[in-house]
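Both counts, for ligands and for their atoms, begin at 1 and track the order of listing. Quick note: numbers below take in every heavy atom, side chains included, and nothing from hydrogens, waters or symmetry partners.
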Amino acid sequence: MVGGGPVGLALAGDLGWRGISCVLIEQSDGSIYQPRMDLVGIRTMEFCRRWGIVPAVEGSPYPRDYAQDNIYLMSLTGYELGRERFPGIGQAPPPPVSPQRRERCPQNMFDPILRAFAASQKTVEMRYRVRLISFTQTADRVTAVVENAETGARENIVARYIVGCDGARSLVRETLGIAMRGTPVLTYTTNVIFRCPNLLSLHDKGKAYRHIFIGPEGTWSTIVAINGADQWRFSIIGGSDQREYTTDEIKAAIRRAVGRDFEFEILSVVPWVRRELVAECHRNNRGFISGDAAHVMSPTGGFGMNTGIQDAVDLSWKLAAMIEGWGGNGLLDSYGVERQPIGTRNVAEASRNLRRMLSVPPHPDLLDATPQGAATRETVGREFSETMRHEWFTLGAHLGYRYEASPICWPDGSAAPADNPRDYVPTARPGHRAPHAFLADGRSMLDLFGRGFMLLGFGANADEAAPLLAAARQRGVPMSFTAIAEPDIAALYQCKFVLVRPDGHVAWRADHMPDDALRLVDVVRGASKI
Ligand SMILES: Cc1cc2nc3c(=O)[nH]c(=O)nc-3n(C[C@H](O)[C@H](O)[C@H](O)COP(=O)(O)OP(=O)(O)OC[C@H]3O[C@@H](n4cnc5c(N)ncnc54)[C@H](O)[C@@H]3O)c2cc1C
């Protein structure tokens, strides 16, 4: 792995969890100077559950009773136009479709959790302050030239595969000759972290996660409670023209958003470019890309890292299968076939969210203390509140992604439920995330998945499943069997037999054993076409 951001750390951790030897190199020392992500999505939390790190996330210092409201306002001391109320993360129960809930855990808290998880795996070697300089590949290996940032010493690392988790400006992607497609500039945005321990006492809006500031010109900035204590991320959203701000301009903009003069300390200023890009493919021979190296999107929606961690979980078991010798020749190609459309889907939704946030047209009378001004504020607040719900309610986006054209999922001819970012429809249709339900003993169905393939039998015993289990054994494919007695779960999964992949997606389902069990095993391990 090249890159020790959240995606590289998740991939290293998952490979290690599977007992696969790997080396992660990261050019920095791993310190996060300005946290970017803070929404750990519900699917990512399901992976955290598999990895045993939910307690660490729940125990992170972000206060779990900190109200997660999103407020639309003219300034912290000015008119409030609308508000979507959310309780503190720890006060909201998981939705019925998952054993987990989304979490608020900013990158400076989440990356160290992933790092500790990866470092705890015996087969994972992590090397910080080591930078990839270049690499070449032959038919059976990759040779990477890396440089130690302390000593300047260079050495070669020889591996079977290389995965670029090296972010938006990925050297791995560039070396593999993979182009990005889309819109290179949506906005030139400036993020400022400032410290102000008493900000809450300076206004009457109460605790909230995000404040979106709307002026007569439209939406212009946001403030996010980055640690639920004394640090805040102020963003000047900007537009398609590049602009640099002086410190005085930044201070004036923060005071405009707060609506009064006050004391604060600027901790960091990071100008960045919001993009809408997806890689044309995810693989070139022995080289792969995951995370921001493969898709760069607007943070609106909180999909970036979460999409990248899904990439990592999709790729990890496939690399493990090749290294363990049971993966077929087509298995690694299925990674891009499955993940590239999901990157495209999420990048597009993130941009739609951005357009929604910027959808307020100029209203010169918005600040007027007149009946007309009040009427405008009422209309803007109502319409904007309705529009923004698309961004706040995204179970469908996080759980409803499916691998429709996958060459290693055997379609059963059933119709796909609508892919709606808001609504998630649980289904065990091949290609989808195998749905959650609680077993009688309190475990989630999701707790059964991960180590190898899992063949579920609903009203069926292991003897009836024997042909498929024997075929898997013959091909060296790890597959186990679990009989499920609960009728409500049988109704959810719909078929007598359901085969779930190591990443928790359904590979096949039917009411009877396949006529040719070896052929099915060959398809799901990427050794045969359907
Ligand atoms: C303001 C903001 C808010 C966001 N909020 C969210 C959110 O709430 N939820 C969410 O899911 N996403 C969010 N995102 C997106 C998220 O931060 C990214 O998608 C995520 O960090 C990508 O992770 P990554 O590991 O792919 O890449 P990165 O985090 O960019 O990590 C890449 C790593 O590779 C290293 N590297 C690069 N080149 C080399 C080299 N040659 N050798 C060695 N190491 C190298 C870098 O040092 C870096 O550590 C947000 C983004 C922004 C800007």
Side-chain angles (χ1 to χ4, degrees), residues 1-12 23-45 62 102-111 114-115 118 126-135 144-149 157 162-175 186-187 189-193 209-210 222 224 226 233-237 268 270-275 277 279 289-312 343 346-347 350 353-354 391 394 397-398:
M1 262 81 46
V2 183
V7 175
L9 291 170
L11 180 56
V23 181
L24 178 147
I25 60 165
E26 164 57 48
Q27 63 190 1
S28 75
D29 66 1
S31 305
I32 308 292
Y33 295 103
Q34 194 180 92
R36 291 185 288 163
M37 61 66 50
D38 56 11
L39 174 77
V40 183
I42 190 166
R43 185 60 174 149
T44 302
M45 285 309 299
Y62 194 95
R102 62 183 175 188
E103 292 286 340
R104 186 74 64 203
C105 185
Q107 191 172 6
N108 54 328
M109 302 176 192
F110 191 55
D111 275 16
L114 289 176
R115 182 174 173 172
M126 294 164 74
R127 299 172 62 180
Y128 282 80
R129 305 272 287 145
V130 171
R131 187 162 63 100
L132 176 75
I133 301 295
S134 63
F135 69 93
V145 180
V146 304
E147 184 177 270
N148 185 309
I157 298 179
I162 185 168
V163 186
C165 307
D166 48 349
R169 281 176 290 181
S170 169
L171 174 63
V172 174
R173 183 185 69 225
E174 190 189 311
T175 309
L186 295 173
T187 65
T189 299
T190 302
N191 280 7
V192 182
I193 304 281
Y209 164 66
R210 184 189 302 215
T222 61
V224 164
I226 197 72
R233 183 175 63 222
F234 174 66
S235 290
I236 305 174
I237 299 167
S268 63
V270 175
W272 58 283
V273 186
R274 192 189 306 259
R275 307 181 189 279
L277 297 172
I289 49 174
S290 299
D292 275 19
H295 35 72
V296 189
M297 62 190 86
S298 169
T300 37
F303 300 133
M305 175 201 74
N306 292 300
T307 308
I309 290 184
Q310 292 164 16
D311 293 343
N346 293 356
V347 163
N353 283 334
L354 174 69
E391 181 169 342
T394 52
H398 284 274

Exercise. Starting from atom 34 (O) of ligand 1, which protein heavy atom do you reach first, and at what distance in Å?
Worked result: G3 CA, 3.2 Å

Side-chain donor-acceptor distances from residues 5-12 under 3.5 Å, at least two apart:
none

Problem set entry | NZ/NE/NH1/NH2 to OD/OE distance under 4.0 Å, R129 and D29 | no

Problem set entry | Best match, N191, D38, V2: closest heavy atom to atom 1 (C) of ligand 1 | N191

Seminar exercise, completed: atom 50 (C) of ligand 1 has as its nearest protein heavy atom P299 CB, 3.8 Å

Problem set entry | Residue of the set V172, T307, D311 for which side-chain contact (heavy atoms from CB on, under 4.5 Å) holds with S290 | D311

For this session: Check each atom of ligand 1 against the heavy atoms of F303 and keep those under 4.0 Å away; list them by number with element.
Result: 11 (O)

Seminar exercise, completed: So CG of N108 and CD1 of I193: to nearest 0.5 Å the spacing works out to 8.5 Å

Exercise. Under 6.0 Å between the ring centres of H295 and F303?
Worked result: no

Exercise. Considering only the protein, which heavy-atom contact is closest to atom 14 (N) of ligand 1, and what is its distance?
Worked result: M37 CB, 3.9 Å

Exercise. Considering only the protein, which heavy-atom contact is closest to atom 37 (C) of ligand 1, and what is its distance?
Worked result: D166 O, 3.3 Å

Seminar exercise, completed: Among non-hydrogen protein atoms, atom 31 (O) of ligand 1 lies closest to G5 CA, 3.5 Å

Problem set entry | Set of side-chain hydrogen bond (donor to acceptor under 3.5 Å, both in side chains) partners for T190, sequence neighbours left out | none

Problem set entry | Taking every non-hydrogen atom, the tightest pair across G4 and L24 | CA-CD2, 3.9 Å

Exercise. Are V192 and R233 side-chain neighbours, meaning at least one heavy-atom pair lies under 4.5 Å?
Worked result: no

Problem set entry | T307 to ligand 1, any heavy atom closer than 4.0 Å | no

Exercise. Can you name the closest pair of heavy atoms from N353 and G301 and give their distance?
Worked result: ND2-CA, 3.7 Å

Exercise. Among all protein non-hydrogen atoms, which one is nearest to atom 47 (O) of ligand 1, and what is the separation to 0.1 Å?
Worked result: E26 OE2, 2.7 Å

Exercise. Taking the minimum heavy-atom distance to atom 18 (C) of ligand 1, which of V172, V40, D311, D292 ranks first?
Worked result: D292

Exercise. Which option, R36, M305, Q27, E147, owns the non-hydrogen atom nearest atom 21 (O) of ligand 1?
Worked result: R36

For this session: Taking only heavy atoms of G291 into account, list the atoms of ligand 1 that are under 4.0 Å away from them.
Result: 26 (O)

Problem set entry | Proximity winner for atom 32 (C) of ligand 1, if only heavy atoms of P6, S298, C165 are counted | C165

Exercise. Would you say L277 and V347 make side-chain contact, with heavy atoms under 4.5 Å?
Worked result: no

Problem set entry | Nitrogen or oxygen atoms of G302 and ligand 1 under 3.5 Å apart | yes

For this session: Please round to the nearest 0.5 Å and tell me the distance separating atom CE of M1 and atom CG of L132.
Result: 13.0 Å

Exercise. Given L39, I133, V130, which one has a non-hydrogen atom that is nearest to atom 8 (O) of ligand 1?
Worked result: L39

Exercise. In the protein, which heavy atom is nearest to atom 27 (O) of ligand 1, and how far is it?
Worked result: G167 CA, 3.8 Å

Exercise. So, is R233 polar-close to ligand 1, with some N/O to N/O distance under 3.5 Å?
Worked result: no

For this session: Establish, for the pair R115 and Y128, whether the NZ or CZ atom is under 6.0 angstrom from the six-membered ring centre and no further than 45 degrees off its axis.
Result: yes

Problem set entry | Closest to atom 41 (N) of ligand 1 (judged by heavy-atom distance), picking from V146, V273, I309, L132 | L132

Problem set entry | For atom 24 (P) of ligand 1, closest protein heavy-atom neighbour | V7 CG2, 3.7 Å

